[in-house]
Amino acid sequence: MALDRATGLAESARALADGEVTSRALVEQALERIATSQGSLNAFRVVRAEAALAEADAADKELAAGVRRPLLGVPVAVKDDMDVAGEPTAFGCQGEFPAVAQDGEAVRRLRAAGAVVVGKTNTCEFGQWPFTEGPAFGATRNPWSAEHTPGGSSGGSAAAVAAGLVPAALGSDGAGSVRIPASWTHLIGIKPQRGRISTWPLGESFQGITVNGTLARTVADAALLLDAASGNHDLDPHRPPGIDACGAVGRDPGRLRIALALKPPFTALPARLRPEVRAKVVELAEKLAALGHTVEEADPPYGQIGLTFIPRATVGLAERVGEAPFPALLDRRTRDAARLGRLLGGAPLRAARRAEAVLHRRIGGFFTSYDVILAPTTAAPPPRIGSMLKLGGLATDRAMIAACPFAWPWNVLGWPGVNVPAGFVGQGLPVGAQLLGPANSEPLLVSLAAQLEAELRWHEAWPPVREIATDSPAA
């Protein structure tokens, strides 16, 4: 039998284990969908057609022999900032990159769970921006509207999952880069605790603000991928205690105290929550109240948290640029930001890293009054393709902060956050909301997200097929 594009990660794994479908059939379907949509959505940088089919055949042999692993034979995708043995890792940059020799730890763990990695998805240059466009690969488009971005920097993974090309994918999140594209493509996006999913061969990515996370259509599928990818390399500096995300999906979260935080954290540039997005987040708050939770407006004591983000982000970028094989091909905005990072790499970086403990205590104190924060994921719906691509550095920063001022503080803190769909605005453009918690709170956030999903059934909405399979150019 064949499974349609609505078949999720858990259901695909079950069907494979029960012998209802073969891994080769599922991988062939995924590859066909990718090929059909690549000219319109442009979600993938690398498609591993031959290798994935060989891995599917090997999975089918294991299944026939009675072997069972959580994702044995299921096709998934990973973002092109993660190493997959035998493939290049370009991370959105121009140039010809050599194949890497070894899987990164997150990919190794997915393979250990039995998953078949069908390809590597597009991301903007070094994952800096909330759009997935660039001269290296063109523009990745939103399955809900081809004229709009799916967001970034995990826009390729989000587009692939939202269009049903694969049932789930890994992304990474350094300032909202899983949660922002999840919100703009109507997905669940889990940004886990720092260290939950290893970033090895980097012990820390972008000075610890970037973590790997999961994108899926349902909470159960996002949790399943999280459990499969979680774990540490022996040399990882951050090793949080283990969790059971899947076990939290069906668990009653209890009656929670939820803070509705609608005010953007302080930034040096203006940010304003658009009224249509605010209305959708407030609707979610009302739904949570109807489910028995206590919801009241309250904003976390963020203070000047942005002063700690900039040194870490720019120094992390400078480290990447210093290793780039083709620095002359990098975007001018990248080179300028890396130059700033080289200036901030001494005392300012040390001060920013020391400040994290102070922020943990201050914002952690907020969680003595509240269990969870509900906040907008973005301040605006997805922008049009090309609207930020040609801007200068300051203009890009202004546009980026105006659209996405809410996600990045949780990267400084290293704590978990989950994007959930909040509905549609304007001409059917998706927007989302974040459930945010303190350290190691993924099970609580997952159980609350699953409770909302059971009521709102957001996974039953699909983008129009005409947007996915058109022959419009990729750039």
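In this text the structure is predicted, and so the values were computed from the model without any measurement. All values below come from the heavy atoms of this structure, side chains included, with hydrogens, waters and symmetry mates left out.
- F126 and F91 have perpendicular rings, their planes meeting at more than 60° on a 0 to 90° scale where under 30° would count as parallel.
- The line from CE of M82 to CG of L202 is 11.5 Å long, rounded to the nearest 0.5 Å.
- Between F424 and W144, the ring planes lie tilted relative to each other; the angle falls in the 30° to 60° range.
- Of all non-hydrogen atoms in A101 and A85, the two that sit nearest each other are O-CB, 3.5 Å.
- Using a 4.0 Å cut-off between charged nitrogen and carboxylate oxygen, E276 and K280 do not count as a salt-bridge pair.
- Remark: R333 qualifies as a cation-pi partner of W129 under the 6.0 Å distance and 45° angle criteria applied to the six-membered ring.
- Taking each heavy atom of A52 and V116 in turn, the nearest pair found is O-CG1, 3.5 Å.
- For the residue pair T89 / D83, a side-chain donor-acceptor distance below 3.5 Å is found, with atom types taken as modelled.
- Of all heavy-atom pairs spanning I197 and A106, the tightest one is CG2-CB, 3.6 Å.
- At distances below 3.5 Å, not a single donor-acceptor pair connects side-chain atoms of R274 with backbone N or O atoms of P381.
- Taking every heavy atom of both residues into account, Q94 and L329 meet most closely at NE2-O, 3.2 Å.
- For Q128 and T334, the side-chain atoms include at least one donor-acceptor pair closer than 3.5 Å.
- In the displayed structure, Q427 atom CD is contacted under 6.0 Å by at most 12 heavy atoms of other residues, nucleotides or ligands.
- For the pairing with E133, the side chain to side chain contact (heavy atoms under 4.5 Å, CB included) check across T140, N42, L389 returns one residue only, L389.
- Within the 3.5 Å criterion, the main-chain N or O of A112 finds a donor-acceptor partner in the side chain of R69.
- Salt bridge absent: K287 and E283 never bring a charged side-chain N and a carboxylate O closer than 4.0 Å.
- Side-chain contact check for T210 and R312: no donor-acceptor pair (N or O, by modelled atom type) lies under 3.5 Å.
- Judged by distance alone, the side chains of W184 and T378 do bring a donor and an acceptor atom under 3.5 Å apart.
- Of the charged side-chain nitrogens involved, at least one lies within less than 4.0 Å of a carboxylate oxygen, so that D80 and K120 count as a salt-bridged pair.
- No option in L170, L215, V78 other than L215 meets the side chain to side chain contact (heavy atoms under 4.5 Å, CB included) test with S157.
- Closest approach of D236 to S198, counting heavy atoms only: OD2-OG, 2.8 Å.
- H148 and P382 make their closest contact through CD2-O, 3.1 Å (heavy atoms, listed as atom of the first residue, atom of the second, distance).
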